[in-house]
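These numbers were taken from a predicted model, which means no experiment stands behind them. For ligands, and for the atoms within them, numbers begin at 1 and follow the listed sequence. Quick note: numbers below take in every heavy atom, side chains included, and nothing from hydrogens, waters or symmetry partners.
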Amino acid sequence: MRVLLADDDLISRAVVKALLSKWGYEVLEVGDGIQAWDILKEKDSPQLVLLDWMMPGIDGLELCRRLRQLDNNTYHYIILLTGRDSKEDIIGGLNAGADDYITKPFMPEELEVRLRVGKRILDLQQSLNEALEVQRYQAQHDLLTGIFNHAKILNILEKELYRARRQNSNLAIIMGDLDHFKKVNDTYGHVAGDAVLAEVARRMKNNIRLYDSVGRYGGEEFLLVLPGCSTEEAIIIANRILESISQEAVMFNSTPIAVTISLGVAMKAVGDEKTTTAELVQLADAALYKAKQNGRNRVEQAAEPSP
Ligand SMILES: [Mg+2]
């Protein structure tokens with residue numbers, strides 16, 4: 001683990017640095033508060049920080065305050081090194097945002113133990129952050145296919161519709177539904193059905209633009225949100241998706257499973273200020289229904305909503 005050591009006293013710094021290196025820490029050392037601040041305000045700064053209280057430029061106390069005001073999602077565990085040991089000083093240091101303090105002169109063992117506490121807290125915080133990250137991912141994604149889930153894709157549509165109105169641009173959506181998917185489940189089993197869904201989602205993702213979004217709307221239904229897209233462009237994308245699915249069977253345990261998809265395209269045009277997300281979804285749904293009626297494995301477009 002990396003440690004930032006800031007101390008203007010050369011000898012004391014050399015002693016602490018030698019100890020830190022011996023204990024396996026990677027040490028970054030500076031001789032004043034200004035250099036310390038330059039490092040600490042960067043995104044990738046060491047999270048374990050040893051600050052001398054009295055330093056030229058910016059003192060340790062002020063550095064604590066600044067670090068706590070810095071909102072960059074990184075927690076710094078700060079230990080103040082100080083010659084002061086009155087109760088008032090200690091309270092002042094902790095109030096400024098220090099996590100701990102050590103009074104000089106100190107025993108190496110004491111520093112070692114206190115650093116270990118800091119490291120433990122930082123490690124805990126990191127695993128907490130990772131767990132939160134996993135949770136955030138799971139709250140927004142469909143775990144079978146890895147694409148957005150129902151709630152998230154609608155949330156994206158809502159935001160994009162708002163943006164399209166503000167920027168006065170187009171917004172197209174595509175609703176897709178696998179044809180006769182029940183038959184796949186009945187014939188090959190649900191595990192095979194799941195594999196088909198995952199593969200279809202992968203092919204969809206491969207055929208959209210970087211800023212488009214795809215989500216699993218329901219069982220075998222998919223919703224795509226295409227910002228800035230005209231109906232013509234959306235139809236091209238829909239056909240690309242259709243072909244990527246119909247042209248090559250999905251392989252499941254060496255068994256080819258042929259599937260096709262029907263797609264409905266709807267668009268909010270420039271100047272349209274009133275179409276809601278629900279109406280847009282309904283329009284795409286109606287177009288999808290038309291595609292089913294007209295023989296499946298095809299793309300249909302909705303009538304444009306009147307602006
Ligand atoms: Mg000093």
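Residues forming a salt bridge (Lys or Arg N to Asp or Glu O under 4.0 Å) with Arg240 (at least two apart in sequence, or on another chain): none.
Residue pairs meeting the salt bridge (charged side-chain N to carboxylate O under 4.0 Å, His left out) criterion with at least one partner in residues 14-25, sequence neighbours excluded, are Lys17-Glu29.
The Mg ion (ligand 1) has Asp8 OD1, Asp52 OD2, Met54 O as its protein N, O or S neighbours under 2.8 Å.
Interatomic distance, Asp7 CG to Asp52 CG, rounded to the nearest 0.5 Å: 4.0 Å.
Hydrophobic cluster membership for Leu63: Leu4, Leu28, Val30, Ile34, Trp37, Ile39, Leu40, Val49, Leu51, Trp53, Met54, Met55, Ile58, Leu61, Leu67, Leu70, Ile78, Leu80, Ile90, Leu94, Tyr101 (Ile, Leu, Val, Met, Phe, Trp, Tyr linked by side-chain heavy atoms under 4.5 Å, directly or transitively).
A salt bridge links Asp179 and Lys292; the closest N-O separation between the charged side-chain nitrogens and carboxylate oxygens is under 4.0 Å.
Taking the six-membered ring where tryptophan is involved, the planes of Tyr137 and His141 are essentially parallel, since the angle between them stays under 30° and well short of 60°.
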